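Notes follow the structure.
As the structure is a computational prediction, the values presented were derived from the model and not from experiment.
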Amino acid sequence: MKNEVSVPKVLELLISYILIPLTAIFTVILLVYLLQNITGDFWTNNLLEPMLVSYSVTVILVYLLASNIETKSALLFRKIFPKVLVPIVLFQTISSVLKIQETGLTHGRYYVILFGLFAVIAGLIFSILPVKKKWLDCCCIDCALCDLYYASSRCFYGQSNIAD
């Protein structure tokens, strides 16, 4: 006996015809901007960090929402976007690490780097595992998030030598 989850038609339309195209447009704009400005002070410029974090959150959430939808746009999104997510998040993480050399490790930047590692792990899991193993995706992502949370709580509580 199969335990299938059905997605309400309104949510399916919202995800397939609004969220996925908006995420695709956001991706194209972000990639064009990154490719045009990849030289010089761009790597240590702090302006892009919030945009890249919000992009990775958006892609992960839309991927999870689209995992039970079988429209063309959802299938294409699930096939392409995890592979696009990984290099963009790596770019953001490298940029944050380079910024540490200039200003030191702040609590905010530490969590941005941790979230970058989480997003890379999530993107790799989404790229490798088939959508039919959604429970395994969620388990692996939950474990990665819990591990990063545990590592961050062990590293930072009680530390006073971190830049404010």
Show the nearest heavy-atom pair for residues [X] and [Y], with the distance to one decimal.
X      : Y      : result
Met51  : Leu30  : SD-CD1, 3.5 Å
Ile60  : Ala122 : CD1-CB, 4.0 Å
Ile15  : Ala66  : CG2-CB, 4.0 Å
Gly123 : Leu85  : CA-CD2, 4.1 Å

Under a single-linkage definition using a 4.5 Å side-chain heavy-atom cutoff for Ile, Leu, Val, Met, Phe, Trp and Tyr, are [X] and [Y] assigned to the same hydrophobic cluster?
X     : Y      : answer
Leu22 : Tyr33  : yes
Leu65 : Leu14  : yes
Leu90 : Ile128 : no
Val7  : Ile18  : yes
Leu75 : Phe126 : no

Between Ser95 (side chain only) and Phe91 (backbone N and O only), is there a donor and an acceptor less than 3.5 Å apart?
no
Please check if the side chain of Ser56 supplies one atom and the backbone of Val53 the other of a donor-acceptor pair under 3.5 Å.
yes
Just how far is it from atom [atom1] of [X] to atom [atom2] of [Y], taken to the nearest 0.5 Å?
X      : Y      : atom1 : atom2 : value
Ser96  : Leu52  : OG    : CG    : 8.0 Å
Arg78  : Ile69  : CZ    : CD1   : 8.0 Å
Thr58  : Leu19  : OG1   : CG    : 9.0 Å
Ile113 : Tyr111 : CD1   : OH    : 12.5 Å

Mind checking what makes side-chain contact (heavy atoms from CB on, under 4.5 Å) contact with [X], not counting sequence neighbours?
X      : answer
Ile80  : Leu76, Val84
Val32  : Val28, Gln36
Leu61  : Val57
Leu124 : Val86, Val120

Determine whether Val112 and Thr93 satisfy the following criterion, side chain to side chain contact (heavy atoms under 4.5 Å, CB included), listing intermediate values before the conclusion.
CA-CA 8 Å; Val112 166; Thr93 306; over 6 Å; no
How about Val89 and Val59: do any of their side-chain heavy atoms sit closer than 4.5 Å?
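Side-chain contact under 4.5 Å: no.
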Are any of the side-chain heavy atoms of Val97 and Arg109 separated by less than 4.5 Å?
no
If you link I, L, V, M, F, W and Y whenever their side-chain heavy atoms are under 4.5 Å apart, who else ends up in the same group as Ile25?
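The other cluster members (ILVMFWY side chains, heavy atoms under 4.5 Å, direct or chained) are Ile29.
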Parallel, tilted or perpendicular: ring planes of Phe81 versus Phe77, cut at 30 and 60 degrees:
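Plane angle under 30°, so parallel.
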Quick check: are there more than 12 heavy atoms from other residues, nucleotides or ligands sitting under 6.0 Å from NZ of Lys83?
yes
Is there any side-chain hydrogen bond (donor to acceptor under 3.5 Å, both in side chains) pair reaching into residues 11-29, and which pairs are they, with sequence neighbours excluded?
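Residue pairs with at least one partner in residues 11-29: Ser16-Thr71, Thr27-Tyr55.
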